[in-house]
Every structure is written in structure tokens, then in C-alpha cells.
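Quick caveat, the model's predicted, so the values are computed rather than measured. Reminder, nothing fancy here: chain letters follow the sequence lines and each chain counts from 1.
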Amino acid sequence: SWSPSRSDQSFCTGEESGVWTRSCCHFSTREDLDFQQSQVQINSILRSNEQTVNVPEFDGRALSAVRKFDSNHLPANTPNEDRRSAATCLQGMLFGVFDGHGGWACAQAVSERLLYYIAVAMMPKQILEELDKCMDLGRPIPPILQWYKHHSDFNYRESAPLYIRHLRVFWQELLDNEEHDEGMSPQEALSCAFRRLDADISLEAQVPLSSDLMKSTAIQVAFAGCTACVAHVGTDGIHVANTGDCRAVLGVQNNDGSWSAVPLSKDHNSQNQDELERIRAQHPPSERDTVVTDDRLLGVLMPLRAFGDVRFKWSVELQQSILASLESGVDLDSLNLYQYTPPNYLTPPYLEVTPEITYHKLRPQDHFLILGTDGLWDEFSSEEAVRLVGEHLSGIHLQAPVSPSERKLKLGQMHELLLKRRARASPALDTNAATHLIRHALGTGEYGESSQERLASMLALPEDLARMYRDDITVTVVHSHNKSH
Amino acid sequence: MAPGLLPRLLLPQMGFRLAGRGLWTSPQCLAVSGDSQLPPVPGQARVVICGGGIVGTSVAYHLAKLGWTDIVLLEQGRLGAGTTRLCAGILSMAKPISIESQMANYSSSLYQQLEEETGVKTGYVKTGSLCLAQNQDRFISLKRLATRLKVLGINCNIIKPKEIAKLHPLVNIHDLVGALHLPDDAVVSSPDVNHALAVAAARQGVQILDRTAVQQVVVEKGHVMAVETDRGSIECEYFVNCAGQWAYELGQASEVKVSVPLHGCEHFYLLTKPLQEPLAPNTPVIIDMDGRMYARLWQGGLLSGGFEKNPKPIFTEGRNQLEIQNMQEDWDHFEPMLGALLRRMPHIETAEIHQLVNCPESFTPDMRCLMGETPGVSGYYVLAGMNSSGLAFAGGAGKYLAEWMTYGYPSANVWPLDIKRFGNLQSSRTFLRHRVMEVMQPRVQTHSFEFLPYDFWRYLLSLDQSKTFYKPDWFDIVGAEVKCCKEAVCVIDMSSFTKFELTSTGDQALELLQYLCANDLDVPVGHIVHTGMLNERGGYENDCSVVRLSKNSFFIISPTDQQVHCWSWIKKHMPNDPHLHLEDVSWKYTALNLIGPRAMDVLAELSYVSMTPEHFPSMFCKEMSVGYANGIRVMSMTHTGEPGFMLYIPIEYALHVYNEVMSVGQKYGIRNSGYYALRSLRIEKFFAFWGQDLDTFTTPLECGREFRVKFDKDTNFLGREALLQQRQEGVFRRFVMLVLEDHDTELDLWPWWGEPVYRSGQLAGTTTSSAYSYTLERHVCLGFVSPPPGPEGLPMPITPDFINRGDYEVNIAGQRYPAKAKLYPFSSLFTQQKRRKEDMELSNLQGK
């Protein structure tokens, strides 16, 4: 569905731009008529990608720290460039959100493969051996992951054998490793899996592959990019590995019933001073002013760490030879590939995948974890998101009385404050916490009250305009098994 | 503004106490040190007033003024520590009904001179007030109010938005249509007025005891005997319950329970710090009824509150508090009112907050106060339930209650406020809690006939041509009902009417009724008599129909709201005779009114008895069977002047009889009908209704009902002397019928009631009720007119010439419409019926 729509567009622009403009205008007017969508329409759009999974408390091996999770995404790009994953592995549960750029290819591949790499890295040697034996003998392989997929989530069928082969290479290397007896700790596993997968992606684009489709897919994946934020929820703690500008935030309920946010990741973008310093230190001082310009890596890329994006990792020569190696006749434009070198591309690599990993030991007051792509964080602060989910969770919109310090406000300010408080007190429309967040991200008025009109107009934006007003939003909210519930 | 005025709103300093009886000590000396310093409770008093708020002190003040001695006022906390302490202090005369405006008017003049009388500063500032209108409907209602206030002599003007801006620089006038300006409205400090009234009362000998709580009112043989307090008991003849919020519970705390139907509700207002650009101290009070808010100047800042759509009832479970304090502030609840304030005065958004005050107030089921002697216990008076207008009403209400206690009746018609208008139905706590949440609504809605937007969107679309005060939507429906009453037959459910049975072994019942009723009741059995029950002044206490069921038993039918009042009126005059028995049978009978020329056909078919006037003359009652049901009292009267019957049906047969009537009536074109049809029919025939046209100040002579007074008999009856004297002197006012001319029913505002009537350009009276007559195709207003006072300001007797030779006009919301005044109904309305009946019989013969 993706490529035909592309060629349609190129046809229009190429042939008769006048007609195209006119038809576009016509299209927009019709949209205007539908501008005010009904509540039913709004709900069906918001909920079409909604996913809620209740996790059994005891799965036969261990007590689960996760009670349930809610997930949802709302595309702005056509097609959507965000991906999400959720699965149970031997040592707990894994959740990931992925924000692709330069197309969806890289995000798709990473969302399919990353959790396997992590699960495998954590597996004890004995299980890996069994796995390998089954492969050898052609016996059914015991599942590495138990996936939770929404019907709209899909896999690259063509590339599946390639991916399995490379995963097997990875575990065989682990088997060869003398120190791998008990499997890696989640921390090591996350770090190792990120780097290994990115290396595999890079490699697959360079090696000869059996089919043209696989070849072009591998190159597409490597030239596109994606950020990733993955959480491993074990029985007693959460590990978060983040690369790029997705974010993981923990929702903590204070003694007085109010909510506060504990960040479990750092955004890798130009707002992060440490990150800027890290990149600058990796390149000669002469490049100090050109490495990050206009808040972007080499003036082009927003996230400062990512999967794929070999354009920022390989030498110019390698990039050119790989693109040239594609069979003639393959339309590079249609694959979203083109000969292009970022400015001031002097001392590659400029980009790496290395995740930043944090650990948080679970406490009774920790109620949920929000994983979201930057589309969400463009609309909310972490605190706001946690408060929304927290109040959605508790159902009672516990509201402390207006405090003495607030009573010192001027009348106008007080009125604004009261309107905000009123907005918070209105009941939630969605049971899914992720949908609840997305609804508020787009449909919130001046005072935080939910605004049906704003939501309707945001959702009614025509495809060509949507990305100007909002980004793809993907949210996964993981609810912990808290004794206090 | 006096500097000492307003801190009292926040800091109770009501610590005055009395060293000896009637001797006033410094109000500043606050006795904190304990009960040992409290003066002893006297063992005996004539009157005990419970409640030291502005209402209680006003009653004490006025009783003392009228010469009462031996008055004790008890307050469980400190004086004025209840609602009075937190009152917003707005003294406005723009009230929904005239009697309330009159009370406010009197209060205003009282408070104005109180400072001079007592030396206590009351903070009275004549600021004037502005009632704003955001839409045409509101504007019309304000214009109607203005015409009414002018009749009372209250100064007021309808003004344009530009003039509003001149009077109040902060008001945003962009969404306003106009306003009503009352230049004589004022602000005052209610705790200080309370204080001043207490000082004045104490000077006249009233003994004021604070920190003394009433525990029980002792009743013996239906009369107040004593009051038990936590500090000893006081024997007394009269007890006055002015306990405000706690009046309901105090009523429950007497040996014979007294129903005081009121309920507390939280009320919030905001105080700001002084504004940066100060306003003139006489800047008018703003009352924005559409915005549901009010605002006045307060110590250089603003005081602003409002009436919310979701009121918060409190004290349902009866939490008695000595003093109202530590009430929760609820900013979130206040948000809509703050929003309304900022919309009305956008510039004050930079003002700083001083405090949000929560001041609980008590509300009654109909938003009118509760006044008068309770029906069950004689000597037990109530004045409470001020519906957030305690300050404005206290002076006038205190005066009326004092007059009531002194003379047996007040100097004005206070029936709308009489506690006897409520029955036991309204004293359920749950009812009161839910009702108070409801009544907060119309408070700032239009007066008298409030606008109810049943279809909100249509309301928005049709705002400019809203029909509130114009030809109503139900016009054609009622028209069809009236037509059906005139030509076929209609059923109206009139079960709510008050029904009593008076029986005796001998002729005690007849004797009692002959004394109580102006008309002669010594009639043959089966006859119905329309009669008034008059007071000593000859005024109507009740206007009823009495049926002589047998030699010694009578059936008394009175208007609905007479249930408590009439009961206590009869009881009051009934000798204590075990052989004379009065029973309230209102619940035992369902009343169906069959109106129309075909009513007799329907009944004849159901009873196999001929119902023609020859067999069943008018004003006659027979017990007969209708359908399968026995014992139905069938009366040939309809309260409308139309032919037809009232059926008083034992309640268990009601449904059966109704179904039979409807199914048999089908071929005669029967239909259900409602009160508006009844009203139109009775008004076009000049029938007066008690409670609307007749009150305790109206005599039969004034409304042309001399024929219903037994002057020719020698029997004495209540009010006879007064009537004889009036017959001698002539009447000074006369009930007339005014037929509007040159009034376009489609386009002009409709009259309802309370419209001023002008004779040859001079104010001559007001209307009391009105309706559109579908027969005359005109509006008919009923009302009273009186000639201008004579040379020495004395009232002049009215003559038929005065009625017949004047050019009359009725003023509807400022527009005057010419009217023809009549002393007698159109006889054509009655003869026409006869002719139509003959026609019908003819057409019936020919078949349909």
C-alpha cells in the first residue's frame, strides 16, 4: 500500500501540477465539511490501534511484576513511521517504542528483531544450546518470546529467514563465549543487543543477498533510521535502554495521593548538554561548530543516537558503492534512497546506537511506566503525562484544596487555575491509558480542559497537513502489580 | 466608608452583654471568662425570642416599639454570630413580590435612621443598585418590576447600557440590553445593624441573654407555656423562633413539633484587596441575574458572589453550631461565579484576593420567608428562612410580625409569607434538601413567570423573539380546551382542593358556620353556598363553597393553599365541644370537574338519572352512583360559571370513574383540560379567586359580593360590624374588570398580574389576575382601583361614576394599553351558553 501511493503522487506532480493543486484544494474543502467529526468517529480513529493486555499474575515460572499494559499509536505520517513491541521473555517482560525517520523501514526491522536479541543475550547457555540443537535437527524451536501483537502490527515476511540466520549467528557467538554460562544481566544484554542489531543491520546492507527484494529491503533499513526506548521489567526492577529521543517515565504516587514523574531515560537530542559534549569530543575541535547546527546532527538529524542511518556512520565511499551496487532498474527514489551526503561530513562516524541504560528498583509507590515516542513528549511534559495516567488510574481525581500560596493569586490567574482544576476533574472517556494520553495530547484546550473541537480538527487534518501539526504518537503504559491495588 | 464597618464581617466581635436588665454596657467588653458572669435567666417573661441575629433583634425592637414589656431575647452563641455576621450587606428593594419590596423599603428607611437613634454606626451608604439585563426577556422582566416598584413609591429607572457605564466604570456593557437602576438601594453592615437594633431594643427594656441555648419549648393544651434553656426555664405566653439556620430543628424541639420548612445552603462570596484605581464610595451595587452574580464595593475592593447552578445544601442532618465558623472555602465551586465576575468586570482580573467567604444561608421551598403564628401551637411564632435577603427583609418582617403579635394581624397582606401556606408535605428533610437545590435556580431568573428553556438550541436561535412575556406556545392548546368547555365537555383534575367535613350531634356545626361565614348557611340539605369567611375587619380569610350534606354536617371546599390556614382559622374559633367535629378529608376524595354543556349527558349515561337543570338545579349536591361506584358527591358547580358538575369521588373509585367518564364522554367530544382553561373561563366571567384577587384586606363589599352577605338576617357573624360600617361609609377601592382594547395578542406583551392601572392618567390601582378570553377575543384583567385621596389626604369613597367615567389604561412593562372598566360581567357570556345548548340539542337530534 505504501509504494503505489508514492507513485501516484509522483505521477501527479510530474504530469500536471495545476491539476494536482486543484484536486488537492478540492480534497481539502471536502475535509472542511467533515471538520467537526462526531464523537463516534473520533473514538473510532483514536481507538483503532488500541491494545490492552492483562498479564496473568503467575505464568508458570514466576510472579509477574506487570499487571497489564495499554498501548496505542496515532499516525501523522502516511504511512506511520512509529513502531512498538511487547513480549514476555524468560526473565520478565520487554516493551519497546520505536520512532523511525527517513521512512519506516528501520523502525520496522528494529521492532521485529531487537527484543529477540535482548532475550537471547539474557538466556543461560544451557537453553541456547537446546535452541541451537533444535535448529540443527530441524525440530520445532521452543519460543524465545511470547509476543503481544495488535492486528495492525506486521512482520517482514521475506526477510524472516535472514533475520533468524543472523540471530543464530549471535547466539552461536554467545555459546562460544566462555563467560556466558548464566546469560547476561539485563543491563549487559540490553547494551549488547542494541549494538549487535545495529551492526547486523549495517552488515546486511553490505553482503550479497539471495533475492533482490531482500537486498533492497536491507539497504532501505540501513539507510533509514530509528530511535528506540526499551524497558525490561523483571520481578524486582526495571531496566530502560534508550537511544534517541523517545522517553521512559515512571509514575509514582506520593503519600498525599498526588503523582510525580521519575525519568528513567535521557533524551538524546540537542537539548541534552552532555550529549552535545560527547559528540563534540569525538570529533576534531575544528568541527566543533558544525557537528550540531540548528539543533540537528550536521544540521540534518534531530536525534543524536539512532539505529540505521548509515549515512551518518559509513564513509562516503562505502555509501556510494552500496547504493551503486543495487541492480540497475531499481528506482532509488521509490525506496526513499538517494545520493546525498550530509554537509561537513568529515570524520565519520557521527552517529552511534549505544543505548544509555538506567535501572530502577520497584517500590510500592511505583505504579506505572510510560514509554512514548517524541510525538507524545512534544505535547506533554513528563509530569503532566504521569498526572494524567495517575488520575486515570485512581479514577478519583483527588484534588487538594487550593493552597494558601495560590490564594495570593490575582483574580484572573485564580480563574485560570480553577479552570485547569475543573478540566482535571472531568471523567475519562477511555479505559485505555494510552488512548487517554493521546486524546489529551491532541484535544486539550487552553486550560487543560478536554476540547472536543480541537481534537476533532486535529484528527480531521488531511494527510498532507497532519505532519505539520503533530508527529506520530506511540505510547505504551505498563502497569505494575502493585500490592496497594 | 466607616473604618469600623467591615472587619466585623470577618472578625466576630459581638461580645456585648448586659450587666442588669435593660442596662447597656460597653459593646467592646467581651466576657470570655465564663458563665459565672452571665446574668441569671429570668423565671418569667411575656415573650421569649430565640435567635440573636438581625431577624430576632428586629422582632424584639419592634415589639418594644409597640409597647411590649417583659421581652427576653435568647442567643445560644453571641449576638449576630450566625448568617448575619457574614451577610454581604446589600440592601436592595428589587424583590420578586410587592410585599417583599415593601419590607425592604421599610428596612431601608429604618436602617438609615438607626445610627441617629442609637449612636451605633451602621455603615449605611446609599450607593444605588443596577440590575443588569443581558437579554430582552430579562429586560422586559425588569421593566415589569419597575412599574410595580413605582406603584410602591420606590424610585427606579430603566436605563440604557451607556448610562450603566457612566454609573459604574468597571462594568462591561457590550452584552447588555439595559438595566434597572434603583438609586435608593444601599449597602450596610449587617452585624452593625444587628448591634444597633439590639442596643435600641435593650434601651426599651428588652433583656438580651447570649450564650443561652433553647432546649425545648413546653406546650400545654396547644399553647406555649415555657421555654427550657440550658440555664433554666422561662415561663412565657409567646415564643418567637428566629433561629435562622437552626429554626427547623428548634421547631422539632418543642413538645408539639412545629414544622419550619427551611434548609441550609452554602453561599460563597469573594472579597478582594483594595483596587489599584479606587472607585467612588457610592458606586452602585451590580446585580447581574443572567450572569448569576452580584458585586458591591468593599473597603476599596470588591465583594462579589453569586448563585450557582449546583448549590451545596448543608446541615441536612442538623448539625447545630453555636456560631457559624470554620466553614470550608471551596474555590472550585466558586469558579463559575468568578468567571461571571470577570466577564462582567474584565478589568479586575489584576485585583488581588482577600478572602473567599462561605456564608451558609437558609432557603424555603418557594424562596419566600416564613412568618407568623404556627398552625399547631398558639403563641408560637416563627420568622425565619430569609433566602439570602435577611438584611433587606429583617426590618420590615420584624415590624409585620410585631404587629401580628400585637393586633392579631399585620398592617399589610403577608399571606405570601405566611408559614401556614405550607403543610406537612413540605417538611420532609429530604424534600427540603432537594428543593433547596432547585429553588436556587429561579432566584436570579426572571420574576413571577420564569423562563424555562426546554429546548436549549431553539432558545439560542430564538432569543430575540422569545415568548416568555408574549403570546405563549400553549395559546392554541388552551384555546381548544376552552372551546371544548363551551361546546362539549372537559375534565379537569381538581383533587388538590382543600376539603373539610364539619359535623355535630346538634346544631353546633351550623352555629359555628353561621358565625364564621358571611353568607347564610341555614339552607335546605343539598344546597351549596358560596361564602367568604371573614375576619373582624370584614376581610376574606377564606373564600369557599359549603355544602349542607345533612342537617348537622357540612362539606367545606376551599382553595388548595388554604389547607393549613383554613384549618387553623376554624379551629381557632371552634368551641371546645366533643360533639363538634372537624375533619380534613382532602386525601379521601378525588375531585373531577366536568365542564361543558355535555357534562350532563355524560353523567346521565353513567348514572341512569336525568341531569338536566330541571332535575338537577344549579348549586346543588347529591350523593349518587356513577358507573359502578357509589357514594359520589355530585355538585352542580364548576368554579367557572360554565354549566357542568364537580364530582367528589372516594379515592378508591377515582380511577374507575375517570375511565368511565372518558370512555362514555368520547362520543360527546370529551377531552382533558388544565388550569389555564379554567382560569380563562373564570376571569372572563369576573370570578375572583382567593389568594390571587381576594386577601385578608378585601371585603365582600369591595368586590361586589354583597349578595353573598346575610345582612338581612339578624344572625351575627365575624366581620359583620366592619361590613355594616363600610356600607355606611362607602368603599374606598373596588374590584373591577378591565377589558384591554387596542392590545395585539400576537405582538404585544401580555398582562399577567401586578400591572399598574391608570385612570385618566393617574395611578388608580393594580391588577391581581388576568387572562385571555377566547370568547371575547380580548385580554381581561381583574384588579382593584381607588379614587385619589381627598383634600385632606383622606381616602375617598368610590362611586359607579368613577368606574364608568374614566379612561382606563393598564401599564404592561412600561407600555400603557387602553382598557374598558366594568363592574359586572358580560351577560352575553351566560346567555350565549343557553342558546348554544339549545342549538346543540337540536343538532344532536339530527345526529352527527
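- Within 6.0 Å of NZ on A/Lys68 lie more than 12 heavy atoms contributed by other residues, nucleotides or ligands.
- A pairwise comparison of heavy atoms in B/Glu352 and A/Lys410 identifies CG-CE, 4.0 Å as the closest pair.
- We find the CG-CG distance between A/Leu411 and B/Leu302 to be 8.0 Å, quoted to the nearest 0.5 Å.
- For B/His347, the NE2 atom counts as loosely surrounded, since its 6.0 Å shell holds 12 or fewer non-hydrogen atoms of other residues, nucleotides or ligands.
- Under 3.5 Å, the side chains of B/Glu335 and A/His415 contain a donor-acceptor pair of N or O atoms.
- In this structure, B/Ile353 and A/Lys408 have side chains that are not in contact, with every pair of non-hydrogen atoms separated by 4.5 Å or more.
- Taking OG1 of B/Thr350 as the reference point, atom CD of A/Gln413 lies at 9.5 Å (rounded to 0.5 Å).
- Proximity to chain A is absent for every atom of B/Leu356, based on heavy atoms less than 4.5 angstrom apart.
- Between atom CD of residue A/Glu416 and atom CG of residue B/Leu338 there is a gap of 11.0 Å, rounded to the nearest 0.5 Å.
- Residue B/Ile348 touches chain A through both its backbone and its side chain, counting heavy-atom pairs closer than 4.5 Å.
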